[in-house]
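One is the number of the first residue; the rest follow in order along the sequence.
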Amino acid sequence: MLKRKMLAAAIAVSMIASMGTAMVQAADVEVKEAATELKGASGETYYMCVPISGVEYWFPCFQGMKDAAQVLGVSAYYMGTPEYDASKQVDVFDQILAMDPSGILVHPITAESFVDPIARAVAADVQVVTFAADSPESARAAYVTSDNQKEGNTAAEAIAQALGGSGEVMVMRNPGKTNHETRCNSFIAYMEANYPDIKVVADEISNQNADATYTAVMTVAQAHPDLKAVFTPEASSAVGAAQAGLELGGGEQSILVSCCDTSEEVLDLLKEGKFFAAIAPDQYLQGYLGMMNLYFAKHNEVLRPMNGRAAAGENLWQIPYMDNGLSIVTAESADCFYLDNYAKSLGYEKTSQLLDPYVAE
């Protein structure tokens, strides 16, 4: 009798376990099926708005945005300005807004210049997400970037190690561009806190101009002949710093130049041993995560959070900061960062095709 009861209990346990497994599997299927239904309407349009639209940095960003848009079944378009001008970028933003988009992924030149434009967009039920640079006092729903403070710290540590903990360095700056300012400020603060024998002897302005950087480095080097390194917060001005260092060294790399972001010229110099290192954020993920953030900000109906925002009528998607990660680019890894190589790997014949829109069917 006891054996029968034990056998019956064992069978019951086995059945419960089997039912539990079946329920988990069924739930898993339901979740997967639900995930495949995460689609927007084909008429939904999302835009990327950038300054200096021909800069290579934006190309993989927009490819990431397009890939996410394709997954979501919505359309993605690219627009920008040819100049480094905040007012002109706001004009382009307003042109996009007049087309009644579902959302805008924007890289604001300055934080202040986009507070009012973003407020206008949100009032018109157009969601806005910032990427690579922020407007923190605005009504944007989310901010996607690499950690700009970490970028400055990483560049500082690499240079400090290469210099053996002592020497004179300088920084080039682009006033008003919040992400660039953070990179420069963190570079300086990191050196001051961790390497007191490394002195920042100059803090100059380039506004992303290679010629201005070349002139500044040559001038500072005359006053400080022991200048050992230059940090720039972006790739455009870094080329000017590298040219100055090569000229001062008679064709050899006499000054270590480090920058954030990459360009074909910087990559060529890296491979030739004429450039120290670059810090590259994951641009593709910036665009991909930016598009996903826009979608969820627009489609609150798919969210069921445990808070009071829904009852208060607030947007349920509030992400103050999302980190897309970064890489240190060296001569050994440079080939992975050429835009031509990237475009060809995706089946494009020309790099310009990376900026072609994705139009949902």
Side-chain angles (χ1 to χ4, degrees), residues 52 54-60 146 151-152 154-164 167-174 180 183-184 187 198 202 204 206-222 224-284 326-345 348 350-352 354:
I52 322 179
V55 170
E56 293 178 0
Y57 183 93
W58 313 124
F59 289 51
S146 53
E151 288 183 347
T154 300
E157 178 63 26
I159 285 176
Q161 289 290 330
L163 295 181
E168 295 183 340
V169 302
M170 68 178 289
V171 170
M172 297 303 301
R173 203 179 271 278
N174 305 310
H180 291 185
R183 292 168 181 173
C184 291
F187 179 92
I198 294 180
E204 302 288 334
S206 71
N207 284 328
Q208 302 191 90
N209 186 293
D211 292 336
T213 303
Y214 168 85
T215 300
V217 173
M218 295 297 287
T219 301
V220 171
Q222 289 180 358
H224 298 274
D226 291 329
L227 181 69
K228 299 298 183 184
V230 179
F231 172 69
T232 72
E234 33 64 44
S236 299
S237 60
V239 175
Q243 290 172 341
L246 291 170
E247 186 172 319
L248 290 167
E252 300 294 328
Q253 184 183 193
S254 64
I255 294 175
L256 301 181
V257 179
S258 180
C259 71
C260 296
D261 309 338
T262 62
S263 68
E264 185 172 340
E265 291 174 290
V266 165
L267 295 171
D268 286 346
L269 288 167
L270 272 168
K271 292 183 68 174
E272 294 167 7
K274 298 176 180 179
F275 199 94
F276 178 59
I279 311 297
D282 192 326
Q283 296 134 277
Y284 175 84
L326 56 82
S327 303
I328 299 177
V329 189
T330 63
E332 292 71 29
S333 62
D335 281 337
C336 299
F337 293 86
Y338 279 96
L339 196 62
D340 283 345
N341 292 347
Y342 179 62
K344 288 176 182 176
S345 74
Y348 294 125
K350 300 178 292 184
T351 58
S352 61
L354 289 163

Problem set entry | Considering all heavy atoms, the nearest Ala334-Leu267 contact | O-CD2, 3.8 Å
Problem set entry | Partners passing side-chain hydrogen bond (donor to acceptor under 3.5 Å, both in side chains) against Thr330 (at least two apart in sequence or in another chain) | Glu332
Exercise. Does the side chain of Tyr342 reach to within under 4.5 Å of the side chain of Phe59, using non-hydrogen atoms?
Worked result: no
Seminar exercise, completed: In this structure, NZ of Lys274 is separated from CG of Leu246 (nearest 0.5 Å) by 6.0 Å
For this session: With Thr232 as reference, evaluate Cys184, Cys260, Cys259 under the side-chain contact (heavy atoms from CB on, under 4.5 Å) test and give the passing residue.
Result: Cys259
Exercise. Does Asn209 use its side chain to pair, donor to acceptor, with the backbone of Asp211 at less than 3.5 Å?
Worked result: yes
Problem set entry | Residue of the set Gln253, Gln222, Met218 for which side-chain contact (heavy atoms from CB on, under 4.5 Å) holds with Leu248 | Met218
Exercise. Does a donor on one side chain and an acceptor on the other come within less than 3.5 Å for Gln243 and Glu247?
Worked result: no
Problem set entry | Reported CG-to-CG distance for the pair Leu256 and Leu227, which is rounded to 0.5 angstrom | 9.5 Å
For this session: Report the distance from atom CD1 of Ile328 to atom CD1 of Ile279, rounding to the nearest 0.5 Å.
Result: 4.5 Å
Exercise. Can you tell me if Glu264 uses its side chain to pair, donor with acceptor, with the backbone of Leu339 under 3.5 Å?
Worked result: no
For this session: Report the C-alpha separation of Asp261 and Arg183 in whole Å, then their side-chain angles, then the decisive distance to 0.1 Å, and conclude whether the side chain to side chain contact (heavy atoms under 4.5 Å, CB included) test is met.
Result: CA-CA 11 Å; Asp261 309 338; Arg183 292 168 181 173; 3.6 Å; yes
For this session: Evaluate the side chain to side chain contact (heavy atoms under 4.5 Å, CB included) criterion for residues Leu163 and Val169: first the C-alpha distance (whole Å), next the side-chain angles of each, then the deciding distance (0.1 Å), finally the verdict.
Result: CA-CA 10 Å; Leu163 295 181; Val169 302; 3.9 Å; yes
Exercise. Looking at side-chain heavy atoms only, is the closest gap between Met170 and Ile255 below 4.5 Å?
Worked result: no
Exercise. Gly249 and Ser254: which non-hydrogen atoms are nearest, and at how many Å?
Worked result: N-OG, 3.4 Å
For this session: For Val329 and Ala280, work out which heavy atoms get closest and say how close.
Result: CG2-CB, 3.6 Å
Problem set entry | Gln208: partners by side chain to side chain contact (heavy atoms under 4.5 Å, CB included), with sequence neighbours left out | Ile52, Tyr84, Asn174, Lys177, His180, Glu234, Ser236
Problem set entry | Shortest non-hydrogen contact from Leu270 toward Phe276 | CD2-O, 3.6 Å
Problem set entry | Closest contact, heavy atoms only, Phe275 versus Val257 | CE2-O, 3.3 Å
For this session: State, with a plain yes or no, whether a side-chain heavy atom of Pro281 is found less than 4.5 Å away from one of Tyr57.
Result: yes
Exercise. Just how far is it from atom CE of Met172 to atom CD of Glu204, taken to the nearest 0.5 Å?
Worked result: 6.0 Å
Exercise. To the nearest 0.5 Å, what is the distance between CD1 (Ile198) and CD (Glu168)?
Worked result: 11.0 Å
For this session: Report, as yes or no, whether the 6.0 Å neighbourhood of atom CD on Glu265 holds more than 12 heavy atoms from other residues, nucleotides or ligands.
Result: no
For this session: Under the side-chain hydrogen bond (donor to acceptor under 3.5 Å, both in side chains) rule, collect the residues that match up with Asp335, sequence neighbours excluded.
Result: Lys271
Problem set entry | Shortest non-hydrogen contact from Ala343 toward Leu354 | CB-CD1, 4.1 Å
Exercise. Under the 3.5 angstrom rule, does the side chain of Ser258 hit a backbone N or O of Phe231 as a donor-acceptor pair?
Worked result: no
Problem set entry | Side chain to side chain, Tyr338 and Asp268, heavy atoms closer than 4.5 Å | yes
Problem set entry | Reported CZ-to-OG1 distance for the pair Phe337 and Thr262, which is rounded to 0.5 angstrom | 7.0 Å
